[in-house]
Amino acid sequence: MPVELIWEGKYDPSGKRVQPVRLALPFQTIETVNESSQQRMKMLDFFATGKETEWRNRLIWGDKKYVLPSLLEEFRGKVDLIYIDPPFATGADFSFTAQIPDDPKMEGSQAASFMKQPSILEQKAYRDTWGRGLDGFLQWFYETSLILKDLLSETGSIYIHLDWNAGYYCRAIMDDVFGRENFRNEIYWYYYNKMPDTRKGVFPRSTDVIYWYTRNKQADYTFNPLEEKREAPVKQLVRQKVDGKMVNARDDEGNVLYQVRDERVVDNVWRLSMLQPADKTENVNYPTQKPEALLERIIKASSNPGDLVLDCFCGSGTTAAVAEKLGRRWITCDLGRFAIHTTRKRLLSIPEVGPFVVQNLGKYERQAWQAAEWEDETAGRAREAAYRSFILRLYGAEELPGGTWTHGVKAGRLVHVGAVDAPVTEGDLKAITREVFKRAGGAGATAAVDVLGWDFAFELNETGKNMARDAGVDVRFRKIPREVLEKKAVEQGDIHFFELGALDVRAETKARRLTLTLTDFLMPQDDIPADVQKSITHWSQLVDYWAVDWDFRGDTFHNQWQAYRTRKQTKLELSARHEYLERGQYTVLVKVIDILGNDTTKTLTVEVI
């Protein structure tokens, strides 16, 4: 007799099941990593001629409720293996430990670390998942499962990694969505080396559960039986068939033959150790990181080389890293900026890692938000005005009508609000500064302006400030945070507009060789505790990673060289060299990622003779 699991939110007031958001948005490639110059030219040629481009693995930064529907158009029924490790009922899932290395210029300085709490966006995602308790999680899991089913191929498999919080409820939902007949195994991960459980009155917990479903049991789904080393070899009789019967095999002298077996067939109890803090080879110090051995077993069992693997809870990037090493194609995504940065570094540490792209939904997500938020404002200008008023209110500024480029005033400074679908450019800034001069006195403000934007032209933070200063205008650039898209964050006042970082780079050329050296870096330190800030005695301690595109073409940042810190290697190289094959003028783009995962860029023009 079929049983249905019911929770608050499963049905709408009319009795229909609530379906997931299926708004498909175009992806924007914001970075291409590890692509050679030859591959780059080939891809540009393919794009220009309309040919299908070569496959690139994809690391996507964004909310799954938008990312998964956006994958459907291209990947419906094409994913061979899905692994998901959804957030358990703990708010710590999005936190991470930020590391501040010691100052290489100061003898005796000490490294420091602090727990970086989840961003407001990540907290909001957590609240949406668990905010209504189990009911909220089950609705979220149900909607996610529906889209994952659509992405999975007919011969594909999905593995769902859970713990005691909601495991058995999720099993019921998977039976509902995928069909009970497509359930293959309940797998127990036994992590025998877990730290002792100090709780009293219960047996210590040392297992997680993983449910394995196939898309269609009638199809020839992929399954590769696995073997593992025995803890102790086993002596077994050698048997042979004689006259139709199985009997003991004997040698020429009549002695019974034995064989020593040191392997066993993998069953549904996986005896795999947890990562230990002392493991600096694999452990990247990410709180929910899973061991590569666990994902290696899943990927080997249910996919083949060249197959496509999806993990929409990227975390530290274990699935992508293992898929890369095993020759599978992969797509992985995460809401957290730091998770994307951690995964990027982890992939780059793999010898001969293939090219991959970093993507987001960028302006298209913001456009959809703006249209939905002010759908009654049918006229474009009215919608823009409503949007600007909303941003000004969040920024704490008073609206100031009558301007084209300045829209409000706060603490004696005029305020410009950038559009949702375009970066603030140098041309914009010139128009802004001209209007600031005209309005400053009459608006009761000085010749100063705060420029709020979602994105900024690469060179604007430094060259733009200098240009405005020469014109007698004090300008500050502040990022409009993605949190403004989230109603709960807005309602709770969890919106902060942070100032952009600034980067100085020295360029030296000799013949066709270019040497770049980082000479200074400034970043807002609002998220760093005051006591930890005291340990920062040199600007380089704030830099976790930097990369260079030696020949920026204005399309997307191509990571052609990079240096970064790891647990094993905390020292950061601050100079990079490149040998050009041809003379000419080149645009070079430098990207720095700070210890909190935020990026700052700088462009340089160099002449190679």
Side-chain angles (χ1 to χ4, degrees), residues 119-121 362-363 366 369-370 373 384-486 489-490 493-503 521-528 594 596 598-602:
S119 71
I120 302 306
L121 176 59
K363 66 179 183 181
R366 300 193 296 265
W369 163 78
Q370 186 185 49
E373 192 72 17
E384 283 290 326
Y387 153 73
R388 286 195 298 268
S389 296
F390 175 72
I391 298 296
L392 288 169
R393 187 167 66 254
L394 291 179
Y395 189 57
E398 180 185 347
E399 194 167 355
L400 188 65
T404 302
W405 293 94
T406 52
H407 311 113
V409 61
K410 178 182 179 180
R413 300 175 66 90
L414 293 168
V415 180
H416 165 84
V417 178
V420 297
D421 53 2
V424 179
T425 65
E426 185 174 324
D428 294 335
L429 186 59
K430 289 179 179 178
I432 292 168
T433 54
R434 283 196 296 267
E435 190 166 294
V436 166
F437 264 120
K438 293 179 181 178
R439 304 195 77 187
T446 59
V449 62
D450 291 347
V451 178
L452 313 181
W454 297 91
D455 295 301
F456 297 85
F458 286 130
E459 72 287 350
L460 198 62
N461 194 33
E462 295 169 37
T463 59
K465 281 188 174 181
N466 294 333
M467 181 189 73
R469 189 180 300 115
D470 292 342
V473 174
D474 176 44
V475 62
R476 292 189 309 210
F477 299 103
R478 292 189 179 271
K479 187 92 169 177
I480 300 175
R482 190 187 176 279
E483 284 81 1
V484 304
L485 276 61
E486 310 294 349
V490 171
D494 295 336
I495 306 296
H496 302 280
F497 295 74
F498 291 115
E499 202 164 352
L500 298 185
L503 172 66
F521 175 65
L522 298 173
M523 63 167 276
Q525 298 185 20
D526 308 68
D527 282 349
I528 302 177
D594 63 39
L596 300 180
N598 302 302
D599 60 86
T600 302
T601 56
K602 183 178 180 66

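When every heavy atom of Leu452 is checked against every heavy atom of Val415, the shortest pair comes out as CD1-CG1, 3.8 Å. When all heavy atoms of Leu400 and Leu414 are compared, the closest pair comes out as CD2-CD2, 3.6 Å. When all heavy atoms are compared, the tightest approach of Val475 to Ala468 is CG1-CB, 3.6 Å. Contact detail for Ala448 and Arg413: the closest heavy-atom pair is CB-NH1, 3.5 Å. Across every non-hydrogen atom of Arg439 and Pro401, the tightest pair is NH2-O, 2.6 Å.
Relative orientation of the Trp454 and Tyr387 rings is parallel, given thresholds of 30° and 60° on the angle between their planes. Classified by interplanar angle (parallel below 30°, tilted 30° to 60°, perpendicular above 60°), the ring pair Phe477/Phe456 is perpendicular.
Under a 4.0 Å N-O distance rule, the pair Asp455/Lys479 qualifies as a salt bridge.
Atom-to-atom distance recorded for His416:NE2 and Asp450:CG is 11.5 Å, nearest 0.5 angstrom. Summarising the geometry, atom CG belonging to Leu503 is positioned 11.0 Å from atom CG belonging to Asp599; distances are rounded to the nearest 0.5 Å. Considering OG1 of Thr600 and NZ of Lys602, their distance stands at 11.5 Å, rounded to 0.5 Å. To the nearest 0.5 Å, atoms CG (Leu500) and CG (Leu522) are separated by 12.0 Å. Thr406 OG1 to Arg434 CZ: the interatomic distance, rounded to the nearest 0.5 Å, is 12.5 Å.
Put simply, the side chain of Val420 reaches to within 4.5 Å of the side chain of Trp369, judged on heavy atoms.
In this structure, the side chain of Glu435 engages the main chain of Thr404 through a donor-acceptor pair within 3.5 Å. Within the 3.5 Å criterion, the main-chain N or O of Val417 finds no donor-acceptor partner in the side chain of Arg388.
More than 12 heavy atoms of other residues, nucleotides or ligands lie within 6.0 Å of CD in Glu399, so this atom counts as buried by the packing criterion.
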